[in-house]
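These values consider heavy atoms only, across backbone and side chains, with no hydrogens, waters or symmetry-generated copies. A note on names: the letters A, B, ... follow the listed sequences, proteins ahead of strands, and every chain is numbered from 1.
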Amino acid sequence: MAKPIKTVSTVVSRVEDLGNETKRFTLTDQDGWELPPFKPGAHLDVHLQPGLVRTYSLCNEPEDNTRYVIAVKRERDGRGGSNFLHDRVRVGDSFGVSLPRGGIALNPDEMNVFVAGGIGVTPFISAIRHLERRRRTNYRLHWTSRGWPVLSDMISPAIEAGRVRLYDTAMQPKPAIAELVQEFAGSGFAACCGPEPMLRDFEGAVEGWPDERKHIEMFTPPKRVAQSDVPPYELVLRESKKVATVVPEVGLLGTLEALGIDVAVSCGGGICGACRTRWIEGPPIHRDRVLSPAERQSELIVCVGDCAGPKLVLDL
Amino acid sequence: MDGIVSEKTQIAASWRGVVRFLHKTPRAFLPMREFPVLQLIAGRGIEGDRYLIGHETGFYSHKPEEGRQITLFEMETLEALRRDHGIELLPEEHRRNVTVEGVPLNHLVGRRFRLGEAIVEATRLSTPCRHIEEILGKAVFDPLINRSGLNCKIIAGGTLRVGDAVRPL
Ligand SMILES: Cc1cc2nc3c(=O)[nH]c(=O)nc-3n(C[C@H](O)[C@H](O)[C@H](O)COP(=O)(O)OP(=O)(O)OC[C@H]3O[C@@H](n4cnc5c(N)ncnc54)[C@H](O)[C@@H]3O)c2cc1C
Ligand code: FES
């Protein structure tokens, strides 16, 4: 039976221990061929093992098109993805990765204000390298970290030029985010990636801003109620010709997994986009933070999705 | 009905075309790279391309396709996409190997023709692939239905260069 290749095959060409529980990995094609393109601040899924897929932001810039550089902070108590990368991955290992997705819609003319906490800086490193390469200086990065900020070597010219403000939260108080962004409320673009309290402060600070001028990048899904409250519905998988009933205790993703369907799942919480699937009949219930209204007309984030009617048909 | 058949036969016999661009890529999803010359190997494919039989790292890894040793695309389709849909699709983006001009690809299924010094046989029309939209971020799937190029088998191999003639046999 023909088996479609769903990932780009890459080889780990460099592993650097940057300290502060962070490692940087460089992935390349086995012959150094160009890799599929990406936007500044995009991310991709690394298929570490069957059933172990994790999403990482690319730190390098689109013009640097023969490598994907990711930086991974160890989450000792997580589900094991970052521990696997830290403990098991060596130069020469090969991994499938998804096509890059997402990215930050930078404003070419106005000020772009980035607010990052710790490892949340990765998408902005890509954006800053992209802007610096084009000699654009219309951005500021406010970056909090505990102790020495790892990855600063990737944006040293920007730091030296004063376009990056570092806050060592071990020594100084956290900055007031509302004050950092308010100057640009009328025209600029603002984006934030960091721990949950930082995202909450940022969300409050840009509440009145139009959607196209703000961006929140989440690495960890928001906490959800454990179980959905929709009544059971029939699930039909058109490609694999399977049918099942989705009950709230198992959920849509659990049902797909029980049927042995190969859907990439990374965050499991509707923020990374790895499990994006085309739907044919519904209407589905969307609970993700990934798809645009137009994309929802034909796609569903199945890890948090459901069906509003008696039958959901997916292109799986 | 007879009129249509004879018109088709006429089109299939009277055209003269030219190779405008050549591209290949070694693995699934990787960008196509432009080359001035490709080496065509009879019965197998293009040297260094993802669909070369015996190399097997194309989109369908375990399905070398006898009938897809080389793929062609019409320059005229790129112009139509720009004119009718406002989509700028570049020759390296349609993911077929040979961009030709003046060749009625949709009329050639089942026929043999000359491609530079090689001879190829058209097996079937290519179908657009959803992943092209994902790779490019351009909504080209629908406009490419029925004009997504032609899959061919290589009957006689040889060197293929940009500027080479494409002719009926
Ligand atoms: C778009 C995107 C970009 C990302 N970019 C990066 C990056 O550049 N660098 C990077 O290091 N990471 C990044 N991540 C996070 C990354 O995908 C992994 O989540 C991370 O490496 C940890 O994986 P893990 O399996 O070790 O832990 P995970 O299990 O994924 O744990 C992550 C966090 O969630 C908590 N958690 C886990 N399960 C639950 C649960 N059921 N309920 C509540 N909390 C839970 C953990 O305690 C931990 O704090 C990104 C994530 C997304 C969605
Ligand atoms: S797995 Fe991340 S959005 Fe579904």
Side-chain angles (χ1 to χ4, degrees), chain A residues 1-11 27-40 42 44-45 47 62-68 94-103 105 238-239 262 264 273-280 290-292 294-295 297-299 314-316, chain B residues 21-35 38 46-53 55-68 85 87-95 97 124 126-143 145 151:
Chain A
M1 173 61 185
K3 198 163 173 256
I5 295 180
K6 290 189 177 164
T7 53
V8 181
S9 53
T10 62
V11 178
L27 306 171
T28 46
D29 172 63
Q30 65 192 72
D31 298 326
W33 198 271
E34 299 83 19
L35 292 167
F38 59 96
K39 301 196 181 87
L44 49 67
D45 309 320
H47 291 241
E63 297 81 359
D64 179 15
N65 65 357
T66 57
R67 6 174 247 163
Y68 290 146
S94 43
F95 292 104
V97 301
S98 69
L99 290 173
R101 301 182 298 268
R238 197 179 61 169
E239 279 295 304
D262 180 23
C275 66
R276 216 171 149 145
T277 300
R278 299 186 74 80
W279 64 270
I280 296 147
V290 177
L291 299 179
S292 68
E295 291 168 331
Q297 298 303 313
S298 61
E299 292 178 280
L314 298 178
D315 189 16
L316 279 173
Chain B
F21 296 95
L22 294 172
H23 288 90
K24 67 177 175 180
T25 186
R27 274 169 287 286
F29 300 112
L30 299 188
M32 302 289 280
R33 223 188 251 175
E34 191 179 341
F35 289 85
L38 295 180
I46 300 167
E47 209 173 271
D49 188 60
R50 66 204 189 285
Y51 290 134
L52 181 70
I53 292 174
H55 173 75
E56 274 111 58
T57 49
F59 185 61
Y60 281 90
S61 57
H62 311 299
K63 195 175 154 197
E65 243 189 63
E66 185 60 30
R68 189 180 48 193
H85 300 273
I87 298 172
E88 184 81 27
L89 189 70
L90 303 173
E92 66 268 30
E93 291 179 329
H94 56 63
R95 300 192 71 76
N97 303 113
R124 62 174 179 84
S126 308
T127 43
C129 181
R130 278 278 173 205
H131 91 261
I132 189 178
E133 290 197 337
E134 221 181 307
I135 292 183
L136 299 175
K138 299 181 186 177
V140 292
F141 184 85
D142 290 335
I145 291 172
N151 293 1

Separation of [Y] [atom2] from [X] [atom1] (nearest 0.5 Å):
X	Y	atom1	atom2	value
B:Phe29	A:Thr7	CZ	OG1	7.0 Å
B:Met32	A:Glu34	CE	CD	12.0 Å
A:Asp29	B:Leu30	CG	CG	5.0 Å

- Query: How would you list, by chain and number, every residue that makes a side chain to side chain donor-acceptor pair (under 3.5 Å) with B:Asn151, sequence neighbours excluded?
  - Reply: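 Once residues adjacent in sequence are excluded, the partners of B:Asn151 under the side chain to side chain donor-acceptor pair (under 3.5 Å) criterion are B:Ser126.
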Heavy-atom cut-off 4.5 Å, strictly under: side chain, backbone, both or neither for [X] against chain B?
X	answer
A:Leu99	side chain
A:Arg278	side chain
A:Asn65	neither

- State whether the number of non-hydrogen atoms from other residues, nucleotides or ligands found under 6.0 Å of A:Lys39 atom NZ is greater than 12.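 Open: at most 12 neighbouring heavy atoms sit under 6.0 Å from NZ of A:Lys39.
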- Item | Nearest non-hydrogen partners of A:Pro36 and B:Pro31, listed with the distance |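 Nearest heavy atoms, A:Pro36 then B:Pro31: N-CD, 3.7 Å.
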- Message: Using only atom types and a distance under 3.5 Å, with no angle test, would you say the side chain of A:Trp33 pairs donor to acceptor with the backbone of B:Arg27?
- Response: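 Answer holds: no.
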